[in-house]
Amino acid sequence: MENLNNQLVTAIKETFVALFETALDDPQIQLQKTRKEFEGDITLVVFPFLRITKKSPEQSGEAIGEYLKNNIDLVVDYNVVKGFLNLVINSSYWSDFLKSIVTMSAFGYAQLNSKERVMVEYSSPNTNKPLHLGHLRNNFLGNSVARILKANGYEVVKVQIINDRGIHICKSMVAWQKFGNAETPTSTGLKGDKLVGNYYVRFDQEYKKEIAALIAAGKTEEEAKKEAPIIVEAQEMLRQWEAGKPEIVELWKTMNSWVYKGFESTYTTMGVDFDKLYYESDTYLIGKEKVLAYIDTESLYKKDDGSIWINLEGDKLDNKILLRSDGTSVYITQDIGTAIIREEEFHCKNYYYVVGNEQDYHFNVLALILQKMGFDWAKGIEHLSYGMVDLPSGKMKSREGTVVDADDLMLEMKNTAQEISEELGKLEGMEDEEKQDLFWQIGLGALKYFILKVDPKKRMLFDPKESVDFNGNTGPFIQYTHARIKSILRKSNYIEGSLDFKNAPLDVEDISVIKQLYDFPETLNESAIQKSPALLANYIYELVKVFNHFYQNTTPIVKEENEDIKNLRLMICAKTAEAISNGMSLLGIQVPEKM
RNA sequence: GGGCGCGUAGCUCAGCUGGAUAGAGCACCUCCCUUCUAAGGAGGCGGUCAAAGGUUCGAAUCCUUUCGCGCUCACCA
């Protein structure tokens with residue numbers, strides 16, 4: 001079906017040729033949705049044409065409107081307010097649109113894998129502690145962006161890199177060796193990531209004690225931090241790990257395997273997954289090789305102490321170290337290696353890194369270095385930078401244990417959903433298992449929607465009290481509307497795509513919902529361009545509000561006696577439910593049949 | 001200090017390439033369940049869009065400056 005705006009643009013060009021003998025360029029024609037308080041569907045801004053029309057804004061609007069009304073079927077009426085020409089679109093356009101999507105099961109979606117291959121990296125945790133609220137934003141965003149890209153026709157590869165080596169994991173290992181009494185997840189009944197995380201916290205406590213003791217004994221703070229026995233021990237362990245000392249490697253493997261098992265369960269609850277995992281322990285040496293291989297590039301240089309640097313001053317950045325004087329890799333070197341491996345393996349058009357905005361500088365540098373090394377594909381690297389999640393009490397600090405644990409939070413949301421549901425008591429006759437499933441859907445839906453509805457770039461505040469409110473602009477509100485629609489469809493024995501509504505007249509309520517549905521494809525496309533699930537989330541909210549108004553202000557469909565009108569409305573209901581369900585699933589949120 | 005980002009109602013957030021009287025939700029105050037699920041709907045209260053200049057027929061949106069907040073600039077990851 002021909003796009004409405006395109007049709008109007010063509011018609012307006014024709015108008016200007018006929019009335020003013022002028023050929024317009026597309027950008028001059030500004031169309032926007034008519035605001036609710038005025039009559040009409042689409043508004044043409046006439047100010048830019050005053051030089052051509054040589055008339056007042058009102059007269060110009062009148063002239064254009066009159067021509068359109070008389071000569072273009074699409075436009076049935078118009079009105080002019082100041083310099084705005086409001087056009088009323090023929091309602092047959094809307095019913096034709098509705099008919100055109102009836103048989104599509106996912107209108108707005110592009111053909112699967114019709115576009116290039118792209119990679120989305122997200123999550124990328126450290127293996128020394130459990131996932132927390134910050135990771136939830138990362139995972140929800142990454143997973144949703146991947147789904148949105150896929151729906152837009154891209155072939156998407158979801159990956160994460162697991163930071164499984166380094167001083168942080170050695171800290172947990174040392175603490176476990178010293179204070180662990182051979183505890184295991186089985187012996188304690190704790191999730192593996194929680195157990196290991198506890199020892200990370202324990203390490204920090206001991207470390208702080210030792211520092212305090214050393215300072216009391218006359219050392220400076222700086223000395224104390226370097227000399228505390230427990231940190232020395234952790235560093236020594238890292239050296240032994242790199243040297244491949246069997247019992248250390250064994251311990252490392254064991255503790256990491258605990259963590260992976262814990263992560264797996266958290267990911268399952270979150271509803272996210274990956275096509276390929278990269279482990280830093282596999283890739284960290286490759287970065288070094290790659291850097292050494294490109295040592296002759298003009299901007300790479302070696303200092304007297306043997307460390308290797310890159311000069312980025314020409315790009316208004318600093319000099320950046322790539323290899324330490326002892327020849328070991330730093331963070332960015334590993335990322336260089338990983339990026340190259342990925343390109344060799346997948347040849348993607350774009351590499352999206354979902355990583356917090358505190359690493360903006362790092363990713364600028366990474367892309368730049370790779371380009372300087374001569375990799376053209378590095379231009380496709382894009383950092384999907386998102387803001388931090390704050391708590392009302394301030395910032396989260398994992399070492400001090402002031403974090404909101406991901407598992408705890410998700411469970412709490414599910415429990416809240418359960419309490420509210422049971423209080424409302426609408427779930428008669430539902431099996432217990434089905435109920436539990438529903439509580440998870442609602443609880444997680446609330447959490448995901450709460451996080452995804454805000455612009456990823458912005459820092460956001462997570463207020464637990466507000467997140468537990470299931471009224472208003474929330475996931476459950478949307479899920480509820482879906483359930484209500486499904487109930488209507490059940491009661492009227494609606495069979496998908498099987499109804500025809502002939503020439504039932506559309507009233508304003510019908511049109512307002514259809515118009516919102518009409519915007520779905522464009523919103524889906526725009527959210528892919530901007531990599532913003534928030535756009536989609538806010539669209540769905542708008543759709544749901546419009547539908548609820550329709551629901552409240554039309555006679556109950558189940559009791560509607562005019563078959564054509566009934567069928568029309570059922571169609572609107574079915575398509576709205578579908579758009580809600582598809583849209584929410586792109587946010588990684590399930591939508592129930594009943595609630 | 002350099003770089004990047006942010007600042008919209010009491011609170012949390014929308015506001016697309018500049019366009020009409022700046023919108024929602026929460027909170028607070030009214031209504032509406034003998035019409036399909038009230039986790040809903042209708043209405044009220046609440047804003048010098050951080051500030052000042054500039055560009056424009058027209059600025060929350062673009063430019064400049066200032067103020068405030070955050071992040072970042074490690075031989076940490």
Can you give me the N/O atom pairs linking the protein to nucleotides 73-75 of chain B at distances under 3.5 Å, or say none if there are none?
residue: B:C73; atom: O2'; partner: A:Asp318; partner atom: OD2; Å: 2.4
residue: B:C75; atom: O2; partner: A:Ser325; partner atom: N; Å: 3.2
residue: B:C75; atom: O2; partner: A:Ser325; partner atom: OG; Å: 3.2
residue: B:C75; atom: N3; partner: A:Ser325; partner atom: OG; Å: 3.1
residue: B:C75; atom: N4; partner: A:Asp305; partner atom: OD2; Å: 2.0

Taking only nitrogen or oxygen atoms into account, show me every contact under 3.5 Å that the protein makes with nucleotides 3-8 of chain B, one pair per line with its distance.
residue: B:G7; atom: OP1; partner: A:Lys458; partner atom: NZ; Å: 3.3

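With a glycosidic angle further than 90° from 0, B:C29 counts as anti.
Spacing between atom CZ of A:Phe38 and atom P of B:U21 amounts to 8 Å, rounded to whole angstrom units. One can place CZ of A:Phe470 at 12 Å from P of B:G40, the figure rounded to the nearest angstrom. Taking atom CG on A:Leu535 and atom C1' on B:C16, their separation rounds to 8 Å, with Å as the unit. The distance between atom CG of A:Asp455 and atom C1' of B:A60, rounded to the nearest whole Å, is 15 Å. At whole-Å resolution of the value, CZ in A:Phe450 and C1' in B:U12 are 7 Å apart. Rounded to an integer number of Å, the gap from CG of A:Leu461 to C1' of B:C26 is 13 Å. For the pair A:Asp26 CG and B:U17 P, the computed distance is 19 Å after rounding to whole Å. Straight-line distance from the NZ atom of A:Lys36 to the P atom of B:G43: 10 Å, rounded to whole Å.
Of all heavy-atom pairs between A:Ile310 and A:Leu322, the closest is CB-CD1, 4.1 Å. The minimum heavy-atom distance linking A:Gln160 with A:Pro125 is given by the pair OE1-CD, 3.1 Å. The shortest non-hydrogen separation linking A:Ile381 to A:Tyr353 is CG2-CE1, 3.8 Å.
Between A:Phe477 and A:Tyr449, the gap from one ring centroid to the other reaches at least 6.0 Å. Less than 6.0 angstrom separates the ring centroid of A:Phe450 from the ring centroid of A:Phe462. A centroid separation of less than 6.0 Å is found between the aromatic rings of A:Phe547 and A:Phe550.
Base pairing analysis places B:A42 opposite B:U30; the two distances defining the Watson-Crick or G-U wobble pair are each below 3.5 Å. Base pairing annotation: B:G18 forms no Watson-Crick or G-U wobble pair, as no partner gives both donor-acceptor distances under 3.5 Å. Base pairing analysis places B:U56 opposite nothing; no Watson-Crick or G-U wobble pair with both distances below 3.5 Å involves it. The base-pairing partner of B:U35, taking Watson-Crick or G-U wobble contacts with both distances under 3.5 Å, does not exist among the strands shown.
Judged by closest nucleotide on RNA chain B, A:Lys559 is the one of A:Ile420 and A:Lys559 placed further toward the 5' end. Mapping A:Leu85 and A:His549 onto RNA chain B via the closest heavy atom, the residue that lands nearer the 5' end is A:Leu85.
Each of B:G25, B:G70, B:G19 was ranked by its minimum atom distance to the side chain of A:Arg459; first place goes to B:G70. The side chain of A:Ile488 lies closest to B:C36, out of B:A20, B:A77, B:C36.
Taking the salt bridge (charged side-chain N to carboxylate O under 4.0 Å, His left out) definition, one finds that A:Asp26 meets it with A:Lys13, sequence neighbours left out. A search for side-chain hydrogen bond (donor to acceptor under 3.5 Å, both in side chains) contacts involving A:Glu593 returns nothing, not counting sequence neighbours. A:Lys453 is linked by a salt bridge (charged side-chain N to carboxylate O under 4.0 Å, His left out) to nothing, counting only residues two or more places apart in sequence or in another chain. For A:Asp469, there are no salt bridge (charged side-chain N to carboxylate O under 4.0 Å, His left out) partners at least two apart in sequence or on another chain.
Of the side-chain N and O atoms in A:Asn548, none sit less than 4.0 angstrom from OP1 or OP2 of B:G40. Taking 4.0 angstrom as the limit, A:Lys82 places none of its side-chain polar atoms (N or O) nearer than this to OP1 or OP2 of B:C57. At least one side-chain nitrogen or oxygen of A:Asn471 sits closer than 4.0 Å to the OP1 or OP2 atom of B:G40. Of the side-chain N and O atoms in A:Arg35, one or more sit less than 4.0 angstrom from OP1 or OP2 of B:G23. Taking 4.0 angstrom as the limit, A:Thr555 places none of its side-chain polar atoms (N or O) nearer than this to OP1 or OP2 of B:U35. Contact check, A:Lys491 against B:U37: a side-chain N or O comes under 4.0 Å of OP1 or OP2. Using a 4.0 Å cut-off, some side-chain N or O of A:Arg484 falls inside it from OP1 or OP2 of B:A38.
A distance of about 27 Å separates the P atoms of B:C63 and B:C11, rounded to the whole Å. Only the C1' atoms considered, B:G53 is 26 Å distant from B:A9, to the nearest whole Å. Rounded to whole Å, the C1' atom of B:G46 lies 14 Å from the corresponding atom of B:U8.
A donor-acceptor pair is defined here as one N or O able to donate and one able to accept, closer than 3.5 Å; no such pair exists between the side chain of A:Asn5 and the backbone of A:Leu31.
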